[in-house]
Amino acid sequence: VEVNVVGDADAYLGIDEVEDSPNAEFVGGDPDEGTIELDFTETEAGGNGFNPNATTTVDDLLQVTNAGTQDDVGVWFQLYEGQPTFDDPDEPLLDEDVIEAITITTEVDDEEVNLEEEAAVLDSGEEITVDFEIDTEGIDPDDFEGEILIKGDTRENFWPQESDWI
């Protein structure tokens, strides 16, 4: 899965692996170029991908930081092109089954936030750690390939709201 930084060429939205996380080895790519690559195909301990028909949780995978000067920046992960609406989702970036199998979360004020359904709001200098959960029940683990967009915006009307299209 390749994760692209959208609309922030000056890196005001910092994205990197979580320092000292055992899951940092899954994070690669070139954050300076705006691309993070998540590679779950192999681990240093000899693991080789997701288990079939199982749920795998990867905690503390990414760190997202508001490195800009503006407060109240909503940050979310988007699995569709464009700005989907409740009734008409745009083109999916991943296979529909894979979209249903991925859950991307963080914790804000001791509450879990699903970053596909709502934005985590960061003030300048604040950061979140991002967890992924992958449920391969009925899906070939090799099908987990594609792009996920990480978005940040101060305009609340652009933030995702809980809806059926996610």
Side-chain angles (χ1 to χ4, degrees), residues 1-40 43 56-86 88-94 98-135 144-166:
V1 174
E2 193 172 288
V3 181
N4 290 323
V5 178
V6 178
D8 199 357
D10 295 323
Y12 293 129
L13 189 63
I15 302 166
D16 211 347
E17 78 268 358
V18 177
E19 194 172 313
D20 298 326
S21 169
N23 295 317
E25 72 177 282
F26 297 124
V27 181
D30 189 351
D32 293 333
E33 293 295 320
T35 302
I36 296 286
E37 184 175 310
L38 305 178
D39 185 354
F40 298 104
T43 67
T56 303
T57 301
V58 185
D59 290 329
D60 299 330
L61 183 63
L62 295 174
Q63 178 174 295
V64 180
T65 305
N66 177 358
T69 59
Q70 292 183 297
D71 289 334
D72 298 326
V73 174
V75 175
W76 69 97
F77 285 63
Q78 186 170 308
L79 307 179
Y80 291 90
E81 295 271 1
Q83 193 72 27
T85 64
F86 292 111
D88 185 26
D90 287 338
E91 189 67 28
L93 295 167
L94 302 165
V98 172
I99 288 173
E100 291 295 319
I102 297 174
T103 305
I104 304 169
T105 60
T106 191
E107 193 171 292
V108 176
D109 297 328
D110 296 323
E111 295 284 328
E112 184 176 273
V113 174
N114 183 326
L115 293 170
E116 300 159 66
E117 296 178 355
E118 59 185 304
V121 182
L122 301 177
D123 286 337
S124 181
E126 287 186 329
E127 62 189 38
I128 56 172
T129 58
V130 178
D131 308 323
F132 275 56
E133 182 178 278
I134 298 94
D135 180 358
F144 285 82
E145 203 170 301
E147 292 185 3
I148 297 173
L149 305 176
I150 303 174
K151 292 194 153 190
D153 204 309
T154 57
R155 299 169 294 180
E156 190 171 345
N157 61 316
F158 280 79
W159 301 351
Q161 309 298 321
E162 289 191 47
S163 65
D164 294 336
W165 56 263
I166 297 180

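Here the straight-line distance linking atom CD of E25 with atom CD of E17 works out to 11.5 Å at 0.5 Å rounding. Residue D123 holds its CG atom at 11.5 Å from OG1 of T69, rounded to the nearest 0.5 Å. Atom CZ of residue F26 and atom CG of residue L61 lie 8.0 Å apart, to the nearest 0.5 angstrom. Here the OG1 atom belonging to T103 is positioned 8.0 Å from the CG atom belonging to D135, to the nearest 0.5 angstrom. Here the straight-line distance linking atom CD1 of I104 with atom CD1 of I134 works out to 8.5 Å at 0.5 Å rounding.
Between the N114 side chain and the E116 main chain, a donor and an acceptor come within less than 3.5 Å of each other. Without hydrogens or angle criteria, Q63 side chain to V130 main chain gives no donor-acceptor distance under 3.5 Å. The backbone N or O of S21 sits nowhere less than 3.5 Å from a side-chain atom of D60 that would complete a donor-acceptor pair. Between the side chain of W76 and the main chain of W159, no donor-acceptor pair closer than 3.5 Å is present.
The shortest distance between side-chain heavy atoms of E112 and E107 does not fall below 4.5 Å. In this structure, V64 and T129 have side chains that are not in contact, with every pair of non-hydrogen atoms separated by 4.5 Å or more. Taking the side chain as every heavy atom from C-beta outward, Y12 and N66 never approach each other to under 4.5 Å. Contact annotation: the side chain of T154 never approaches that of D72 to less than 4.5 Å [non-hydrogen atoms, C-beta and beyond]. L115 places none of its side-chain heavy atoms less than 4.5 Å from the side chain of T105. In this structure, the side chains of L13 and T65 stay at 4.5 Å or more apart for every pair of heavy atoms.
Between F132 and F77, the ring planes are perpendicular. Angles over 60° get that label, and only those under 30° would be called parallel.
Annotation for A119 and G74: closest pair CB-CA, 3.8 Å, computed over non-hydrogen atoms. Taking each heavy atom of S124 and G68 in turn, the nearest pair found is OG-O, 2.5 Å.
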Next on the checklist: Show, in sequence, the C-alpha distance, side-chain angles and deciding distance for L62 and L38, and conclude whether the side-chain contact (heavy atoms from CB on, under 4.5 Å) test is met.
Outcome noted: CA-CA 10 Å; L62 295 174; L38 305 178; 4.1 Å; yes
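When the options D59, V18, T106 are evaluated for a side chain to side chain contact (heavy atoms under 4.5 Å, CB included) with D131, the one that passes is D59.
Within a 6.0 Å radius of CD in Q70, no more than 12 heavy atoms belonging to other residues, nucleotides or ligands are found.
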